[in-house]
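For clarity, every value in this text was computed on a predicted model and none was experimentally measured.
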Amino acid sequence: LNRQLRETYSLKQVVWVEEGLADDVQTFRVKPEYGGAPLPGGVFTLIGTGGHVDECCRFVGPNRVLLAQVEGESVDQMPPLERMTHFNMEANLHFLSAQPDQDGHPLEIVRMPLPPSLIYTIDERDPMYSVIDQLRGVVLNGPIPVVLATSYCNYIISNGVICLPKYYEPGMDDAFRETDEKALSVMQGLFPDHTIVQIDPKPVNAGGGGMHCITNNQPA
């Protein structure tokens, strides 16, 4: 596959990651041990893709890669979904560290914090509920918890402007404010000549995916 991709697209090198975020697990991959849901606690994803790379890893230079990182020092104290994502992202760090760029040099890896998990409850009044209920292997018998596909890696680069997710709003845990501020600092350091505009992406996340997902590869 590696050779086929290089030949098809006239590439020198293809860079791979191993895992995506826990909140991007394919929705139909339900497990009995999770109560018929794809994630611990009976939590569903909102039409997860199984690892959208723009949710967790982005190129920010010729040999510089931005990789998502779960905040927190103690893995044992992380909520189950964040613990899963932590192990996935650290596996990606190990995998990326062993791969060269197009010139055979090591990749420079910059870490971007992830916001805490955002879990909501939906029922048949939400259009996404009926979509999930029709998936192969899924059986719903009432309201279900769903996790939003939240990530600061799902940003948009435009002419002199970067639209960056911002999750905190009054009434939310201060942890969201802290990761918003850290993400802004990371992005300002990577793109000093751009204006960084933070936008609330939760309405888009609630439909599955993020800002970059719905704007990617738009024609000029």
### Message
Walk me through whether Tyr152 and Met187 qualify under side-chain contact (heavy atoms from CB on, under 4.5 Å).
### Response
CA-CA 9 Å; Tyr152 299 110; Met187 194 60 68; over 6 Å; no
### Task
Evaluate the side-chain contact (heavy atoms from CB on, under 4.5 Å) criterion for residues Val146 and Met128: first the C-alpha distance (whole Å), next the side-chain angles of each, then the deciding distance (0.1 Å), finally the verdict.
CA-CA 10 Å; Val146 294; Met128 292 300 296; over 6 Å; no
### Task
Determine, step by step, whether Leu135 and Ile47 satisfy the side-chain contact (heavy atoms from CB on, under 4.5 Å) criterion, reporting the C-alpha distance in whole Å, the side-chain angles of both residues, the deciding distance to 0.1 Å, and the verdict.
CA-CA 9 Å; Leu135 295 177; Ile47 313 304; 4.2 Å; yes
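- For Arg111 (side chain) and Ala68 (main-chain N/O), a donor-acceptor pair under 3.5 Å exists by modelled atom type.
- To the nearest 0.5 Å, atoms CG (Asp174) and OG1 (Thr179) are separated by 10.5 Å.
- Under the 4.5 Å side-chain heavy-atom criterion for grouping Ile, Leu, Val, Met, Phe, Trp and Tyr, Phe176 is connected to Met112 within one hydrophobic cluster.
- By the ring pair (Phe, Tyr, Trp, His ring centres under 6.0 Å) test, Phe191 pairs with His194, sequence neighbours left out.
- For Lys182, the salt bridge (Lys or Arg N to Asp or Glu O under 4.0 Å) test picks out Glu71, with sequence neighbours left out.
- Contact record, Pro80 with Pro40: CB-CB, 4.0 Å, taken as the closest heavy-atom pair.
- At least one donor-acceptor pair closer than 3.5 Å links the side chain of Ser97 to the backbone N or O of Leu93.
- With rounding to the nearest 0.5 Å, the separation of CD1 in Ile109 from NE2 in His94 is 11.0 Å.
- Scanning both residues, Leu81 and Ser117, for their nearest heavy atoms gives CB-OG, 4.0 Å.
- In the hydrophobic clustering of ILVMFWY residues, with side-chain heavy atoms under 4.5 Å counting as a link, Met89 and Val15 come out together.
- Using a 4.5 Å heavy-atom threshold, the side chains of Pro62 and Asp101 count as separate.
- In this structure, OH in Tyr120 is found 15.0 Å from CD1 in Ile144, a value given to the nearest 0.5 Å.
- Under 3.5 Å, the side chains of Tyr167 and Asn205 contain a donor-acceptor pair of N or O atoms.
- Residues Phe44 and Ile122 are not in side-chain contact: their nearest non-hydrogen atoms beyond the backbone lie 4.5 Å or more apart.
- A single hydrophobic cluster is not seen to contain both Met84 and Phe87; linkage of ILVMFWY side chains at heavy-atom distances under 4.5 Å, directly or through other members, places them apart.
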### Task
Would you check, one step at a time, whether the test side-chain contact (heavy atoms from CB on, under 4.5 Å) holds for Leu148 with Leu46?
CA-CA 7 Å; Leu148 269 60; Leu46 289 162; 4.0 Å; yes
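- Within the 4.5 Å cutoff, side-chain heavy atoms of Cys213 are placed close to those of Asp54.
- Listed by first then second residue, pairs satisfying side chain to side chain donor-acceptor pair (under 3.5 Å) with a partner in residues 23-44 read Asp24-Thr49, Gln26-Arg29, Thr27-Thr45, not counting sequence neighbours.
- Note that the CD1 atom of Ile156 and the CD1 atom of Ile214 stand 6.5 Å from one another [nearest 0.5 Å].
- The shortest distance between side-chain heavy atoms of His52 and Ser151 does not fall below 4.5 Å.
- Here the CZ atom belonging to Arg83 is positioned 8.5 Å from the CE atom belonging to Met78, to the nearest 0.5 angstrom.
- Inter-residue side-chain proximity for Arg58 and His212 is flagged as met; some heavy-atom pair is nearer than 4.5 Å.
- Using a 4.5 Å cut-off between side-chain heavy atoms of Ile, Leu, Val, Met, Phe, Trp and Tyr, with links allowed through other members, Leu164 and Val186 fall into the same hydrophobic cluster.
- Minimum heavy-atom separation, Pro38 to Val25: CB-CG1, 4.1 Å.
- Hydrophobic clustering, with ILVMFWY side chains joined whenever heavy atoms are under 4.5 angstrom apart, groups Ile132 together with Leu118.
- Taking CZ of Phe59 as the start and CG of Leu107 as the end, the distance is 6.0 Å to the nearest 0.5 Å.
- Residues meeting the salt bridge (Lys or Arg N to Asp or Glu O under 4.0 Å) test with Asp193, sequence neighbours left out: none.
- What you find for Asp180 and Gln198 is that their closest heavy atoms are O-NE2, 3.3 Å.
- Scanning all heavy atoms of the two residues, the minimum distance from Asp173 to Ala175 falls at OD1-N, 2.7 Å.
- Side-chain contact between Lys166 and Asp200 is absent, with no heavy atoms from C-beta onward closer than 4.5 Å.
- Smallest separation of non-hydrogen atoms from Cys57 and Val17: SG-CG1, 4.0 Å.
- Using a 4.5 Å heavy-atom threshold, the side chains of Leu21 and Asn88 count as separate.
- Residue pairs meeting the side chain to side chain donor-acceptor pair (under 3.5 Å) criterion with at least one partner in residues 6-19, sequence neighbours excluded, are Asn2-Trp16, Arg3-Glu7.
- In this structure, the side chains of Tyr155 and Val60 come closer than 4.5 Å at one or more pairs of heavy atoms.
- Applying the side chain to side chain donor-acceptor pair (under 3.5 Å) definition to pairs two or more places apart or across chains, none involves residues 128-146.
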